[in-house]
Asker: 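Quick one: the structure is below, questions incoming.
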Amino acid sequence: MKNKKLTVDEIYQANIEAFNIRRKLPYTKKEYSEAEGCTADAMRYWNECFPNADPYSKKEYSEAEGCTAYAMRYWNLVFPNVEPFLESEIIANNS
């Protein structure tokens, strides 16, 4: 029997349950990246919800499906202490 490919929602749910009871996350960023539905939004949720896990970088985020100019601006608001997207990068992505 072939293993079913997990979705980001399934991985997120398992990880959030472990996080809430202070257990090691059962799934890694790599597994999350390879899961069905891993978009820029999903990457941002990972960074927001699992602060002690390996975070997605600005570069990984910018290359993800769904990384729009709006998503880049939102990244800058949500993560003020990481490398921000420059306005020139946002404009270039918008064209």
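Remember, predicted model here, so these are calculated numbers, not experimental data.
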Asker: Taking all atoms of both residues into account, what is the closest heavy-atom pair of K5 and E10, and its distance?
Answerer: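 Minimum heavy-atom separation between K5 and E10: O-OE1, 4.3 Å.
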Asker: Do other residues, nucleotides or ligands put more than 12 heavy atoms under 6.0 Å from E65 CD?
Answerer: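 Incorrect, the count does not exceed 12.
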Asker: Are the side chains of W75 and P80 in touch, meaning some heavy atoms are under 4.5 Å apart?
Answerer: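 No; the side chains remain at least 4.5 Å from each other.
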Asker: Any sub-3.5 Å donor-acceptor pair from K29's side-chain atoms to P55's backbone N or O?
Answerer: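 Judged by distance alone, yes, a pair lies under 3.5 Å.
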Asker: Would you name the heavy atoms of F85 and N76 that are closest together and state the gap between them?
Answerer: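 So the two residues come closest at N-OD1, 2.7 Å.
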Asker: For A40 versus A64, what's the shortest heavy-atom pair and its separation?
Answerer: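 Closest approach of A40 to A64: N-CB, 3.6 Å.
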Asker: Hey, is the main chain of Y56 close enough, under 3.5 Å, to the side chain of N47 for a donor-acceptor pair?
Answerer: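 A pair under 3.5 Å: yes.
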Asker: Give me the atom names and distance for the closest heavy-atom approach of A14 to Y27.
Answerer: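 So the two residues come closest at CB-CE1, 3.7 Å.
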Asker: Can you tell me how far the CG atom of N15 sits from the CZ atom of F50, to the nearest 0.5 Å?
Answerer: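 The distance works out to 4.5 Å.
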Asker: Would you mind reporting whether E31 and L6 have side-chain heavy atoms less than 4.5 Å apart?
Answerer: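 No, their side chains stay 4.5 Å or more apart.
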Asker: Without swapping roles, check the side chain of N20 against the backbone of I16 for a donor-acceptor pair under 3.5 Å.
Answerer: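 Yes, because the side chain of N20 sits within donor-acceptor range (under 3.5 Å) of the backbone of I16.
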Asker: Could you tell me if the side chain of V82 sits less than 4.5 Å from the side chain of K58, heavy atoms only?
Answerer: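 The answer is no, as the side chains (C-beta and beyond) never meet within the 4.5 Å cut-off.
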Asker: What is the distance from atom CD1 of I11 to atom CD of Q13, rounded to the nearest 0.5 Å?
Answerer: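 So the CD1 of I11 and the CD of Q13 are separated by 12.0 Å.
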Asker: Which atom names give the shortest non-hydrogen contact between A71 and G66, and what distance separates them?
Answerer: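 It is CB-O, 3.8 Å.
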Asker: Kindly say whether D54 contributes a backbone atom to a donor-acceptor pair with the side chain of W46 at under 3.5 angstrom?
Answerer: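 Yes.
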Asker: Tell me if a side-chain donor or acceptor on N93 pairs with a main-chain N or O of C67 at a distance below 3.5 Å.
Answerer: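 Yes; judged by distance alone, with no hydrogens or angles, the pair exists.
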Asker: Could you tell me whether the side chain of E60 and the main chain of S57 form a donor-acceptor pair under 3.5 Å?
Answerer: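 Here the side-chain-to-backbone pair exists.
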Asker: For the residue pair T7 and Y12, confirm or rule out a side-chain donor-acceptor distance under 3.5 Å.
Answerer: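 Per modelled atom types, T7 and Y12 side chains form no pair under 3.5 Å.
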Asker: Under a plain distance cut-off of 3.5 Å, with no hydrogens placed, do R44 and Y61 share a side-chain donor-acceptor pair?
Answerer: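 Short answer, yes.
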Asker: Do V78 and Y70 land in one hydrophobic cluster if side-chain heavy atoms of ILVMFWY residues count as linked below 4.5 Å?
Answerer: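 The answer is yes; both residues are in one hydrophobic cluster.
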Asker: Any side-chain heavy atom of E87 sitting closer than 4.5 Å to one from R73?
Answerer: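 E87 vs R73: side chains touch.
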Asker: Measuring from atom CD1 of I91 to atom CG of L86, what distance do you get when rounded to the nearest 0.5 angstrom?
Answerer: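 That separation rounds to 10.5 Å.
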